[in-house]
Amino acid sequence: MEKVSPTDPADIDIKFTQDAIDQLGIIIENDYTFENMIFRLKIDGKGCNGFDYALGFTEKFDGDINVIIPNTDDKLSYYIDPFTAFYSKKGVVDFVQDIENDSQGFIFENDNEKQYRGKFFKDESKAPPQV
């Protein structure tokens with residue numbers, strides 16, 4: 001099976017809000033259950049309105065791209081696989097907390113999401129390059 005060609009980390013322009021940076025730092029510093037794990041942004045599925053994303057702590061996999069989060073003195077980074085990187089080169093990661101609905105978590109908004117709605121995959125020019 002072919003693999004997606006890796007993306008240069010310099011081509012990835014994903015910003016983290018200050019809330020996301022703060023929460024990620026708190027988790028890494030205080031939650032020992034995530035020791036030796038990495039924070040990952042991953043495409044988790046596809047619907048008519050575009051991709052679904054998963055953000056959280058997992059183990060590292062071969063081929064993962066490590067991206068340093070700007071404005072963190074190189075202390076914080078995230079990992080992204082080549083497939084996700086190809087479709088998610090620009091966007092924003094935020095941490096939201098909704099006390100009224102008792103929900104919280106990291107979210108990703110892909111700046112290029114509109115071009116990946118519907119059955120875009122039938123257009124071969126939108127397919128990631130293979131190794």
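In this text, all values refer to a predicted model and were calculated from it rather than measured experimentally.
Listed by chain and number, the residues in a side-chain hydrogen bond (donor to acceptor under 3.5 Å, both in side chains) with Asp31 are Thr33 (sequence neighbours excluded). Under the side-chain hydrogen bond (donor to acceptor under 3.5 Å, both in side chains) criterion, Ser88 pairs with no residue, sequence neighbours left out. Every residue meeting the side-chain contact (heavy atoms from CB on, under 4.5 Å) condition with Ser103, not counting sequence neighbours, appears here in chain and number order: Asp98, Asn101. Shown here are the ring pair (Phe, Tyr, Trp, His ring centres under 6.0 Å) partners of Phe106, two or more places apart in sequence or in another chain: Phe39, Phe95. Asp111 pairs by the side-chain hydrogen bond (donor to acceptor under 3.5 Å, both in side chains) definition with nothing, not counting sequence neighbours. Not counting sequence neighbours, the partners of Thr17 by the side-chain hydrogen bond (donor to acceptor under 3.5 Å, both in side chains) test are Asp94.
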Could you pull out all donor-acceptor pairs under 3.5 Å where a side-chain atom in residues 18-29 meets a protein atom, sequence neighbours excluded?
unit_1: Gln18; atom_1: NE2; unit_2: Asp22; atom_2: OD1; d: 2.8

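Dense packing is recorded around CD of Gln97, with more than 12 heavy atoms of other residues, nucleotides or ligands lying under 6.0 Å away. Enclosure of atom CG in Asn66 by more than 12 non-hydrogen atoms of other residues, nucleotides or ligands within 6.0 angstrom is indicated.
When hydrophobic side chains of Ile, Leu, Val, Met, Phe, Trp and Tyr are connected at separations under 4.5 Å, Ile38 ends up clustered with Tyr79.
From Asp81, atom CG reaches atom NZ of Lys42 across 5.0 Å, with rounding to the nearest 0.5 Å. Expressed to the nearest 0.5 Å, how far OG of Ser77 lies from CD1 of Ile69 amounts to 6.5 Å. For the atom pair NZ (Lys90) and CG (Asn110), the distance works out to 11.0 Å, reported to the nearest 0.5 Å.
Considering all non-hydrogen atoms of both residues, Thr84 and Leu41 come closest at CG2-O, 3.8 Å.
Ile80 and Val92 fall into different hydrophobic clusters, where Ile, Leu, Val, Met, Phe, Trp and Tyr side chains are chained together by heavy-atom contacts under 4.5 Å. Following chains of ILVMFWY side-chain contacts shorter than 4.5 Å, one cannot reach Val93 starting from Ile68, and the two form parts of different hydrophobic clusters.
A salt bridge (Lys or Arg N to Asp or Glu O under 4.0 Å) check over residues 51-67, counting only residues at least two apart or in different chains, returns the pairs Arg40-Asp64. Note on residues 6-17: pairs passing salt bridge (Lys or Arg N to Asp or Glu O under 4.0 Å), not counting sequence neighbours, are Asp13-Lys15. Listed by first and then second residue, the salt bridge (Lys or Arg N to Asp or Glu O under 4.0 Å) pairs involving residues 67-80 amount to none (not counting sequence neighbours).
The closest side-chain heavy-atom distance from Tyr78 to Ile12 is below 4.5 Å. Inter-residue side-chain proximity for Ile14 and Val67 is flagged as unmet; no heavy-atom pair is nearer than 4.5 Å.
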Derivation and outcome, side-chain contact (heavy atoms from CB on, under 4.5 Å), residues Tyr87 and Ile43: CA-CA 9 Å; Tyr87 289 111; Ile43 290 177; 3.8 Å; yes
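Checked options Tyr53, Phe16, Phe51; the residue passing with Phe108 is Tyr53 (criterion: ring-ring contact (aromatic ring centres under 6.0 Å, His included)).
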